[in-house]
**Q** 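One structure, as structure tokens, below. Some questions next.
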Amino acid sequence: AVALQAGMTVENGLRLWSGSGGSEIRGLVLQGFSEAGLDIGDSDGNTIAGNWFGLDASGNAAAANGRGITLWNAAHNVIGGATAADRNVISGSLSSGISMTSSDGSTTGNRILGNFIGTNAAGTAAVGNAGAGIELADGAAGNRIGGTLAAEANRIAHNGGDGIQVSGAGTGNALLGNLIQANGGLAIDLLGGDGVTANDAGDGDGGAITLQNFPVLASAIVAAGSTTISGSIDSTANATLRLEFFSSPAADASGHGEAAVFLGAVDVTTDGGGRASFGATLFGVAVTAGHAVSATATVHLGGGSYGSTSELAANVVAAPLQAPVLGVPGPLAAQEDAARTLSSADGTAITVSGVASGTVEVTLSVSQGTLTLVGTGGLSFDSGDGTADATLVFRGSVAAVNAALDGMAFSQRLKTSLARCTAFAPEVCLERVPGYGPGDPVSGAIPVGPDSYFCNSKPLIDVSVGPWHTCGVRSAG
């Protein structure tokens, strides 16, 4: 590599100004320039690849520039690339690593991909920039930082400010797949150092990057080598959004992020009210229990084009699958054409426990008679509606499920034939989690009590739970 050094006596190492469009800068080490190692202005279509900015010859210590790269009023430049040979290392600056600005709206269509920003040359140790890793300001719009391929992600870490900071920039800047952690501020900050920007109903606010709302995560459940992340998003009506999921061993102090590890992505489309729910199963991706999980939302314009990206969502903690525990009452008296209430008041309620958070799915069926739940608040139904049903399949939180079951009415229609005795078979499992793991079904019975008629000593209610992989599995999205 060719080293250009100035000892802070020269403003810029190189300038690509008007008339220099289409140039390629490759294989340089730029150190000690008071303004920037490279200044690109009024110059389009340049490629900047395979350079070190602000590192000494060892690649492990700072040889500071004011900034690594400044780019202003310039379009369709490429900084970095999807191969190790194209990677720039932009570190050790006295301010931001990369600064993109525009006084006339012409800073657009630029791509920053595959770079190390704030690390040593190997990407394994801190040589941070004093400011943000990447700064977009003053009208820079329609640029892409990162990408949808793993090799396009920028590694942005150990900087004194935000990982990516937006301050007065234009709209449509897509921030995709970047690995961002251990910076002094947020991983992504849409209002230039103000901390987390709250979501708004309907995502109607404007400003920097249109202040795209971030997803609201409910849970991240790990089972059988895969992770299922559930939640919702409130955005504009009938919008398609790319949701990207990340994890980190340690959460940011804000509770939003980090984005140390890219887990995967799914597309969702909001309804006419701007809302969408999701349950994304990332097969083969097992997040370590206890790690923080977060997400971003980016407008998907179609055809490989993307618009504005949100800040990172509030974290949830990855947790292993908790097998539900089904509580079964003791013997029940059964009489032909009589109603029976299963209630905690007399110890006959069916209960679900053992699941601290997330959604459970319950299946109830009777061969003779019907079931009526106490209420349906917080539940959604795949079969039945909670009133006089022979079969019920419904989902909800453990609290909502238990509230519906406590006082459930069992209307019996027993006959004299022993073969016609009622079979009552509940199943309980976690929703949208694939591959619940090994294990035989857990079975039990609610026997007929001594005052029962017609069924003698045959069981009145049969109970089976599991195996876990037989129920609750749904496709991601």
Side-chain angles (χ1 to χ4, degrees), residues 16 21-22 25 36 38-49 53 67-82 86-88 90 96-115 117 129 131-149 151-156 159 161-180 186-192 206-212 241-242 244 259 296-311:
L16 296 179
I25 305 298
L38 173 63
D39 183 47
I40 305 172
D42 289 317
S43 182
D44 302 337
N46 301 290
T47 299
I48 314 302
F53 295 85
R67 287 182 171 88
I69 300 173
T70 53
L71 189 150
W72 48 275
N73 296 352
H76 305 294
N77 297 282
V78 177
I79 299 175
D86 287 339
R87 177 188 304 136
N88 298 292
I90 305 163
S96 56
I98 300 175
S99 174
M100 300 174 64
T101 62
S102 182
S103 62
D104 59 6
S106 63
T107 299
T108 188
N110 298 289
R111 298 199 63 191
I112 302 175
L113 67 158
N115 302 291
I117 301 173
N129 299 288
I134 300 175
E135 178 186 19
L136 294 92
D138 301 331
N143 302 287
R144 183 182 294 191
I145 298 175
T148 59
L149 302 178
E152 296 175 333
N154 297 288
R155 184 174 301 176
I156 305 171
N159 299 290
D162 299 316
I164 300 175
Q165 182 183 100
V166 180
S167 178
T171 62
N173 292 303
L175 319 176
L176 298 169
N178 299 291
L179 308 180
I180 313 174
L186 298 180
I188 298 173
D189 191 346
L190 298 189
L191 284 178
I209 217 166
T210 65
L211 295 179
Q212 168 65 49
L241 302 167
R242 175 181 169 90
E244 294 190 340
T296 60
T298 301
V299 177
H300 193 167
L301 302 174
S305 296
Y306 295 89
S308 300
T309 297
S310 71
E311 294 179 352

**Q** Just by modelled atom types, is the Asp189 backbone N or O under 3.5 Å from a matching donor or acceptor in the Asp162 side chain?
**A** no
**Q** I need the minimum non-hydrogen distance between Glu311 and Leu190, along with the two atoms involved.
**A** OE2-N, 2.9 Å
**Q** How close do Ala75 and Ser106 get, counting heavy atoms only, and between which atoms?
**A** CB-O, 3.5 Å
**Q** Which distance, rounded to the nearest 0.5 Å, do you find between the NE2 of His76 and the CZ of Arg111?
**A** 12.5 Å
**Q** Are any side-chain N or O atoms of Thr108 and backbone N or O atoms of Ala141, one a donor and one an acceptor, separated by less than 3.5 Å?
**A** yes
**Q** If only atom types and distance count, is the side chain of Asn115 paired as donor or acceptor with the main-chain N or O of Ile79 below 3.5 Å?
**A** yes
**Q** Rounded to the nearest 0.5 Å, how far apart are CD1 of Ile145 and CD1 of Ile112?
**A** 4.5 Å
**Q** Under 3.5 Å, is there a donor on one side chain and an acceptor on the other for Asn110 and Thr107?
**A** no
**Q** Given side chains that start at C-beta, do those of Arg144 and Leu176 come closer than 4.5 Å, heavy atoms only?
**A** yes
**Q** Report yes or no: does Gln212 contribute a side-chain atom to a donor-acceptor pair with the main-chain N or O of Ala297 at less than 3.5 Å?
**A** no
**Q** With a 4.5 Å cut-off on side-chain heavy atoms, are Tyr306 and Thr148 touching?
**A** yes
**Q** What pair of heavy atoms forms the shortest contact from Ala153 to Gly177, and how long is it?
**A** CB-O, 3.0 Å
**Q** From Asn77 CG over to Met100 CE, what is the distance, rounded to the nearest 0.5 angstrom?
**A** 8.5 Å
**Q** Please find the pair of heavy atoms, one from Ser308 and one from Gly172, that lie closest to each other, and give the distance.
**A** OG-N, 2.9 Å
**Q** Is it the case that Ser96 and Arg67 place a side-chain donor and acceptor less than 3.5 Å from each other?
**A** yes
**Q** Atom CG in Leu175, atom CD in Glu244: separation rounded to 0.5 Å?
**A** 9.5 Å
**Q** Ignoring hydrogens and geometry, is there a side-chain-to-backbone donor-acceptor pair from Asn143 to Gly109 under 3.5 Å?
**A** yes
**Q** Backbone N or O of Ile90 within a donor-acceptor pair of the Asn88 side chain at under 3.5 Å?
**A** no
**Q** Using only atom types and a distance under 3.5 Å, with no angle test, would you say the side chain of Asn129 pairs donor to acceptor with the backbone of Gly131?
**A** no
**Q** Do Gln165 and Ile134 come within less than 4.5 Å of each other through their side chains, counting heavy atoms only?
**A** no
**Q** Can you find a pair of side-chain heavy atoms, one from Leu136 and one from Ile164, that are under 4.5 Å apart?
**A** yes
**Q** Any luck finding a side-chain donor-acceptor pair between Asn173 and Thr309 under 3.5 Å?
**A** no
**Q** Could you tell me the separation between the OG1 atom of Thr171 and the CG atom of Leu211, rounded to the nearest 0.5 Å?
**A** 11.0 Å
**Q** For the atom pair CG (Asp42) and CH2 (Trp72), what is the distance rounded to the nearest 0.5 Å?
**A** 4.5 Å
**Q** Between Leu16 and Leu38, does a side-chain contact (heavy atoms from CB on, under 4.5 Å) hold up when you go through it step by step?
**A** CA-CA 8 Å; Leu16 296 179; Leu38 173 63; 4.2 Å; yes
**Q** What's the verdict on side-chain contact (heavy atoms from CB on, under 4.5 Å) for Ile25 and Asn46, showing C-alpha distance, side-chain angles and the deciding distance?
**A** CA-CA 8 Å; Ile25 305 298; Asn46 301 290; over 6 Å; no
**Q** Verify, without hydrogens or angle tests, whether Ser102 (side chain) and Ala140 (backbone) share a donor-acceptor contact under 3.5 angstrom.
**A** no
**Q** Looking only at side chains, do Asp39 and Thr70 share a donor and an acceptor under 3.5 Å apart?
**A** yes
**Q** Distance-only, no hydrogens or angles: does the Asn178 side chain make a donor-acceptor pair with backbone N or O of Asn154 under 3.5 Å?
**A** yes
**Q** Is Ile48 close to Phe53 at the side-chain level, that is, under 4.5 Å between some pair of heavy atoms?
**A** yes
**Q** For a 4.5 angstrom cut-off between non-hydrogen side-chain atoms, does Thr298 reach Leu241?
**A** no
